[in-house]
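Quantities reported herein were computed from a predicted structural model and do not represent experimental measurements. When reading the values below, keep in mind they use all heavy atoms of this one structure, side chains included, and skip hydrogens, waters and symmetry mates. First the proteins, then the strands, lettered A, B, ... as listed; each starts at 1.
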2 protein chains.
Amino acid sequence: MSEYLIRKLENYVRLSASDKRLLHEVVTRDVKSYGQRHDIVHEGDRPRSANLILSGFATRYKILEDGRRQIVAFMIPGDICDLRMTVLRKRDHAMGALMPSKVAQLTDADVQEILGHSARLERALAWNSLVDEAISLEWTVNLGRRDALERLAHLFCELHCRLRAVGLTTEGRCEVPLTQTEIADTVGVSDVHVNRTLMELRGRGLITLQGKSLTIHDMDRLRELAMFNPNYLHLGQEGRELDATDF
Amino acid sequence: MSEYLIRKLENYVRLSASDKRLLHEVVTRDVKSYGQRHDIVHEGDRPRSANLILSGFATRYKILEDGRRQIVAFMIPGDICDLRMTVLRKRDHAMGALMPSKVAQLTDADVQEILGHSARLERALAWNSLVDEAISLEWTVNLGRRDALERLAHLFCELHCRLRAVGLTTEGRCEVPLTQTEIADTVGVSDVHVNRTLMELRGRGLITLQGKSLTIHDMDRLRELAMFNPNYLHLGQEGRELDATDF
DNA sequence: CGCCGATTTGAGAGCAGTCAAACTGAGTGG
DNA sequence: CCACTCAGTTTGACTGCTCTCAAATCGGCG
């Protein structure tokens, strides 16, 4: 249940056996399942717990008064969000599952237990939050300063990197359960234009997206087109001075 | 020195006299001044401290390989950022002053001292971080799903709300030290188009922006145009159950 | 008064949006 | 096994918002 989270955190620091045991134990206490396209939490809800994606794929999104939707984050296995959100009275955005998903609900006490267990875990979770923030900033850049072709290229670069970090890729391939309309609501263009842009990317021999399977044919050129710099994902073992020495 | 921070946090919870004294003390330990358009930190720097804007106005921004710039956040007096960033090795974005600014540098120990002083302060800072995150998500929505006119309207609504929350407005007026090019790099359009859009907003009798002074003539219609919902700023005393009873 | 950054204005081009219709494919029920 | 449905994808035509490239104007400051 906790393997993706552990794998993700170990991109920052090597966890001890005891860290992993604790994570596994806490994370299996309260697990809920959500069907495809079901909301996990709604805007306006009172926050009750942090949420950890154990399996599946979810989004955080907001809807404007007139119905326009913007997806503001993807949640893949191993992603935690809403840490400390119980200090707020009402959520300002919703979360929904894009495919059948299992989500661990972590109470404040659960989170405290993890943070208090070791300085290593505490820092690993801080790293996790900082990376989430950095992703959000990078999405702002993507929407503000790249055109449609670059936005899609960047999105696929990021998704591939993040999925690889939790072991969900096989070479250049990964599963992304996104419709073209959902991609459109992510990169801020119309669904029709997403369709045309995908064909352009395919025509250039960079990627193919068929069914729910994304294949990257030429990562170097895709990166170059997207001006993708993975620094912001901080996947380079940046906490290694705290590495555990057992296994 | 700490009045803006205190005023800001008191939008969440009423602080005790001792909370305020401590904040004031910690926040005046190491203050640096930056001139207009000088960088406070660069992308790639090793993070050394959290940063609190005591006075002035700063931005967080990223620059793409080809020179395109995107401003990803505004920092106004009372705003803290980069809490816990020392767990990372390299910053993934820069921070620069838009006008002469005083910035308090908070070491990890300083931050710990604040967090450990009272549960009230600890929660107030958690609230602060959650609001910053929410703002970042809302900017994503703004860039992804609003047109130029709406984006500017939304930006001005948000700026006015945030400045009011720290006492930096007088009725519908506030000082925003932004050039049209900087606004352009914030809302993801060209500077020429910002110019035309500002004239449109002015023509509709919604705002005027002359010199560095923003005047909102008709907040209701501006809000409606922007579909601005201030929920995400969480300014409604949401932590009031922890209010201090002294003054 | 002259300079320089910032703002304003104009014209033309192009990226992306909208609206509609056709097509595809998986799942459903007769 | 074959309609039928429905969601998702694809295509076309047209529109329009926003960009780019200039050039002109403004305004503060030395």
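Salt bridge Asp218(A)/Arg204(A): absent, no basic N to carboxylate O contact under 4.0 Å. The pair Arg68(A)-Asp147(B) does not count as a salt bridge, with every side-chain nitrogen at least 4.0 angstrom from each carboxylate oxygen. Glu158(A) has a carboxylate O that lies under 4.0 Å from a charged side-chain N of Arg162(A), or vice versa, which qualifies the two as a salt bridge.
Counting to the nearest Å, the C1' atom of dT9(C) and the CD atom of Gln180(B) are 12 Å from each other. In this structure, CG of Leu209(B) is placed 14 Å from P of dG27(D), rounded to the nearest angstrom. Distance, Leu98(A) CG to dG8(D) P: 11 Å, rounded to whole Å. Rounded to whole angstrom, the span from the CZ atom of Arg145(A) across to the P atom of dT18(D) amounts to 13 Å. Atom NZ of Lys212(B) is separated from atom C1' of dG27(D) by 11 Å (rounded to the nearest Å). We find that CE of Met199(B) is positioned 17 Å from P of dC17(D), with the value rounded to whole Å. In this structure, the CG atom of Asp147(B) is 8 Å from the P atom of dC17(D), given to the nearest Å. Rounded to whole angstrom, the span from the CG atom of Asp191(A) across to the C1' atom of dA16(C) amounts to 12 Å.
Below 30°, between 30° and 60°, or above 60°: for His154(A) and Phe228(A) the angle between ring planes is above 60°, a perpendicular geometry.
No more than 12 heavy atoms of other residues, nucleotides or ligands shown are found within 6.0 angstrom of CZ on Arg202(A).
Of the side-chain N and O atoms in Asn195(B), none sit less than 4.0 angstrom from OP1 or OP2 of dT7(C).
For the pair Gly188(B) and Arg37(A), nearest-nucleotide mapping onto DNA chain D gives the more 5' position to Arg37(A).
Among the nucleotides dT18(D), dG12(D), dA16(C), the one closest to any side-chain atom of His193(B) is dT18(D). In this structure, the nucleotide among dA16(C), dT20(D), dG8(D) sitting nearest to the side chain of Thr179(A) is dG8(D). The side chain of Val192(B) sits closest to dG10(C) out of dT9(D), dT18(D), dG10(C). You'll find that the side chain of Val189(B) is closest to dC19(D), out of dT9(D), dC19(D), dT9(C). Across dG10(C), dG17(C), dT8(C), the shortest atom-to-atom separation from the side chain of Arg196(B) is found for dG10(C).
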